[in-house]
*Asks:* 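Pasting a structure here, questions to come.
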Amino acid sequence: MKWYGRSACLSLLLGLLAVPSSFGAIYYVATNGNNGASGLSTTQAWGSISHALLQAVGGDTIRVMPGTYPALPLGIPSAIHLEGSDTYNPQAAPHERHTSLTFLTLTSTNYAQSAAITIQSTNVQLSRFTLNGDWNNDGIPDVKAGIDSPHRPIEIRQCHLSTIGGYGIRILGSAPAPLPSDTEFYRCRIIGNTLSNILHTNVNSGAGIYLFQAPADCISNVINSVSGLNSRAGIYLDRCFYTAAMSGGSRVEANHLDHCTVGVWASMFGYIGESMSIAHNTISNGVIGIRITASRGPASILSNQVHVSGWSPSGLTPARGIWVQADNNPWDPPSMTDHAVSGNEVQGNATAGDGTAGLCFSYNSSVTDGQNNGVRATATWNSASRFDHGVRIETGTNGVSLPHTPLVEVKFHYNDLFGNQTYGAQTIGFTGTLNAASNWWGSYSGPTSPPANPPSPGILATAWPLGRYTVDTDQDGIRDHLDANDDGDRYNDLQEMYIGSDPADAASQFQFEQGTYASGDGVTLSWRSLTNRLYHIVRSTNLLVAFPTTTYATVTGAPPTNTWIDPATPLPPYFYRMSITNP
């Protein structure tokens, strides 16, 4: 059995290693090379990338040595691996370990409607290049796309593209035409790239990475600044649903997206109900973090960190942290959609009444052929804070002809909703009641205690917990809702709820705020108090003797501060002990 196990592992390892390998020739290009040389070694390197592309055939590898090459625009005619040079520092942050040493520049400003690199074949691999789309460094892009292709599969790794006038990377996926029988072979891979300053300057909308009918793995990319009135997203996946025979749907995971109007936008995926994974992404300084529209299959939106605020450049849409909108026929059993929205941390920067929402689930009031505009989702273990509405769930029948009500169905439990301006959660258009039991509403006393952040009418919000679901305040490995003492002080959470201290802050302790004695006026005591509390006081003049068992005085809570006077006829000292109950 041991030998069998070792043989199986060895075979698997060899199989995995064989996948990215090329069995063709390996050629070299250098800035001091000679196109009359053989190109087969670093000492016999060719002098230009365009010459190498004319000589190489499918399956060959072209390795471009460090340096600057005025080579753009380029066309890659066959299934070639075009590889630049880089340094690798394992001690750096994950997105900064590769630094390209091969720079590609334009030859003039005459390519404003062209791509810097056009891939003209399937199965091309491109890696480790730095590309600047601004030839004369005037801040205006001189190309409309960094890397452009109608083909799939394509693999792009560890490239740095900057100052592009529309699309950083665009794969249209029409060659070959997509089929429901497509296998894993047709999956594109866009991994470890950095794209910055993607400025929309064309008639069509722009995006950092734009995929049309091209299922892909988009992993560990850094996208900084996608702007313009028609800019779509840092990563936009449009109708990437031809994955019937693949191992799974598209994956958008572990990307960093900053200053993109929309972080990740996926539309009309899941042709036969397969899922898309959008997980572990960090999205900041945008308007919409993650948007799902018109899907035919479920999205797994898991463990993303999203920070958005403001309104879209068009002035039509307020900030949405995660927005799931208008699925395609989610109640049809063959393609039933139930999005998993879990473990996400969504934060805004709202003012009251600005309409922003952390989590938004909504139908579409317009009618689209073949689409019934409903949404199904299960939202658990998320936190949503500092929006106008932590959660907004909008349903209705306006413009929708299909007989289904409600048009939005959300299972909503075990979420943390706090610090939101108007509503922690709001429903619009519901004829029934949304079951939102067992969520945290920003207070240990329940959903109606905070001055803001309550549930709107039509939401069942009972059975709130004595702790928060998404945090571990004292970092003891136990989330607050399961931890009897979140902050690790001498009071457990239930005791702190009664005395009015903060169960998440070890420095928050109940104490007398003032104690004074004046001869003839007695002793005056003051303390922070709560409504619906009785404060029972016992008194002693000698700590060497146990406190009496009978109550000396009972005071009804009158927040924010109770003041009580003890006539105190014997001479001092005086010692007091207090207990707290409900009336």
*Asks:* Using atom types as modelled and distance alone, determine if a side-chain donor or acceptor of Asp134 lies under 3.5 Å from a backbone N or O of Gly139.
*Replies:* yes

*Asks:* Between the side chain of Thr109 and the main-chain N/O of Asp142, is any donor-acceptor distance below 3.5 Å?
*Replies:* no

*Asks:* Using modelled atom types only, decide if a donor and an acceptor are shared between the side chain of His339 and the backbone of Ala299 within a distance under 3.5 Å.
*Replies:* yes

*Asks:* Donor-acceptor pair, Asn344 side chain versus Ser342 backbone, under 3.5 Å?
*Replies:* yes

*Asks:* Taking it one step at a time, do Phe361 and Glu394 satisfy side chain to side chain contact (heavy atoms under 4.5 Å, CB included)?
*Replies:* CA-CA 6 Å; Phe361 306 91; Glu394 182 176 357; over 6 Å; no

*Asks:* Shortest non-hydrogen contact from Gln213 to Pro178?
*Replies:* OE1-CG, 3.4 Å

*Asks:* Using atom types as modelled and distance alone, determine if a side-chain donor or acceptor of Ser41 lies under 3.5 Å from a backbone N or O of Gln44.
*Replies:* yes

*Asks:* Report yes or no: does Thr395 contribute a side-chain atom to a donor-acceptor pair with the main-chain N or O of Leu407 at less than 3.5 Å?
*Replies:* yes

*Asks:* Do you know which of Leu359, Val341, Thr380 makes side-chain contact (heavy atoms from CB on, under 4.5 Å) with Phe412?
*Replies:* Leu359

*Asks:* Which heavy-atom pair separates Ala37 from Ala45 by the least distance, and what is that distance?
*Replies:* CB-O, 4.1 Å

*Asks:* Answer whether the closest heavy-atom distance between the side chains of Ile301 and Val324 falls below 4.5 Å.
*Replies:* yes

*Asks:* Taking atom NE2 of His160 and atom CZ of Phe103, what is their separation to the nearest 0.5 Å?
*Replies:* 9.5 Å

*Asks:* Just to verify, what does Trp46 make a ring pair (Phe, Tyr, Trp, His ring centres under 6.0 Å) with, not counting sequence neighbours?
*Replies:* Tyr27, His51

*Asks:* Are any of the side-chain heavy atoms of Ile219 and Arg251 separated by less than 4.5 Å?
*Replies:* yes

*Asks:* So, the side chain of Thr378 versus the backbone of Lys411: is there a donor-acceptor pair under 3.5 Å, distance only?
*Replies:* no

*Asks:* Is there a side chain to side chain contact (heavy atoms under 4.5 Å, CB included) between Thr87 and Leu101 once you walk through the steps?
*Replies:* CA-CA 7 Å; Thr87 59; Leu101 301 176; 3.6 Å; yes

*Asks:* Mind jotting down which residue pairs meet the salt bridge (Lys or Arg N to Asp or Glu O under 4.0 Å) criterion with at least one end in residues 62-77? Sequence neighbours excluded, please.
*Replies:* Arg63-Glu83

*Asks:* Search all heavy atoms of Gly390 against all heavy atoms of Ala384 and return the closest pair with its distance.
*Replies:* O-CB, 3.5 Å

*Asks:* Is any side-chain heavy atom of Ile76 less than 4.5 Å from a side-chain heavy atom of Thr118?
*Replies:* no

*Asks:* Starting at CD1 of Ile117, measure out to CD1 of Ile147 and round the result to the nearest 0.5 Å.
*Replies:* 5.0 Å

*Asks:* What pairs with Trp381 under ring pair (Phe, Tyr, Trp, His ring centres under 6.0 Å), at least two apart in sequence or on another chain?
*Replies:* Tyr414, Tyr469, His481

*Asks:* Restricting to non-hydrogen atoms, name the atom on Asp138 and the atom on Ile140 that form the minimum distance, rounded to 0.1 Å.
*Replies:* OD1-N, 2.9 Å

*Asks:* Does the side chain of Val410 come within less than 4.5 Å of Ile393's, by heavy atoms?
*Replies:* yes

*Asks:* Between Arg392 and Arg320, is a side chain to side chain contact (heavy atoms under 4.5 Å, CB included) present by the stated rule, with each step listed?
*Replies:* CA-CA 9 Å; Arg392 179 184 175 97; Arg320 303 276 188 257; 4.1 Å; yes

*Asks:* Side chains of Trp265 and Thr293: donor-acceptor distance under 3.5 Å anywhere?
*Replies:* yes

*Asks:* Quick check against the 3.5 Å criterion: does Ser300 have a side-chain atom that pairs as donor or acceptor with the backbone of Ser277?
*Replies:* no

*Asks:* At what distance, to the nearest 0.5 angstrom, does CG of Asp258 lie from CG of Asn285?
*Replies:* 4.5 Å

*Asks:* Measuring only between side-chain heavy atoms, which start at C-beta, is Asp86 closer than 4.5 Å to Gln158?
*Replies:* yes

*Asks:* Mind running side chain to side chain contact (heavy atoms under 4.5 Å, CB included) on Asn35 and Ser48 for me, showing each step along the way?
*Replies:* CA-CA 7 Å; Asn35 288 341; Ser48 69; 3.3 Å; yes

*Asks:* Could you pull out the closest heavy-atom pair between Asp327 and Arg376, with the gap in Å?
*Replies:* OD2-N, 3.6 Å

*Asks:* How far apart are the closest heavy atoms of Lys144 and Gln113, and which atoms are they?
*Replies:* CE-O, 3.4 Å

*Asks:* Suppose we screen for salt bridge (charged side-chain N to carboxylate O under 4.0 Å, His left out). Which residues come up paired with Asp238, at least two apart in sequence or across chains?
*Replies:* none

*Asks:* Thinking salt bridges, do Arg187 and Asp217 make one under a 4.0 Å N-O criterion?
*Replies:* yes

*Asks:* Measure from the side-chain N and O atoms of Ser250 to the backbone N and O of Ala216, and report whether any donor-acceptor pair falls under 3.5 Å.
*Replies:* yes

*Asks:* With a 4.5 Å cut-off on side-chain heavy atoms, are Ile80 and Val124 touching?
*Replies:* no

*Asks:* Using only heavy-atom distances, determine whether the side chains of Ser362 and Trp323 contain a donor-acceptor pair under 3.5 Å.
*Replies:* yes

*Asks:* Decide, yes or no, whether a salt bridge links Glu184 with Arg189 under the criterion of side-chain N to carboxylate O below 4.0 Å.
*Replies:* yes

*Asks:* Measuring from Gln325:CD to Cys360:SG, what's the distance to the nearest 0.5 Å?
*Replies:* 7.5 Å

*Asks:* Can you tell me which residue among Ile191, Asn221, Asn193 is in a side-chain contact (heavy atoms from CB on, under 4.5 Å) with Ile156?
*Replies:* Asn193

*Asks:* Do the side chain of Asn255 and the main chain of Ile223 share a donor and acceptor less than 3.5 angstrom apart?
*Replies:* no

*Asks:* Let me confirm one number: the OG-CG distance from Ser196 to Leu199, rounded to the nearest 0.5 Å.
*Replies:* 12.0 Å

*Asks:* Please report the interatomic distance CG(Asn123) to OH(Tyr186), rounded to the nearest 0.5 Å.
*Replies:* 10.5 Å

*Asks:* Considering residues at least two apart in sequence or located in another chain, which fulfil the side chain to side chain donor-acceptor pair (under 3.5 Å) criterion with Thr317?
*Replies:* none

*Asks:* Check salt bridge (charged side-chain N to carboxylate O under 4.0 Å, His left out) between Arg152 and all other residues, then give those that pass, not counting sequence neighbours.
*Replies:* Asp182

*Asks:* Just one of Asn382, Asn281, Thr282 clears the side-chain hydrogen bond (donor to acceptor under 3.5 Å, both in side chains) bar with Asn304, so which one?
*Replies:* Asn281

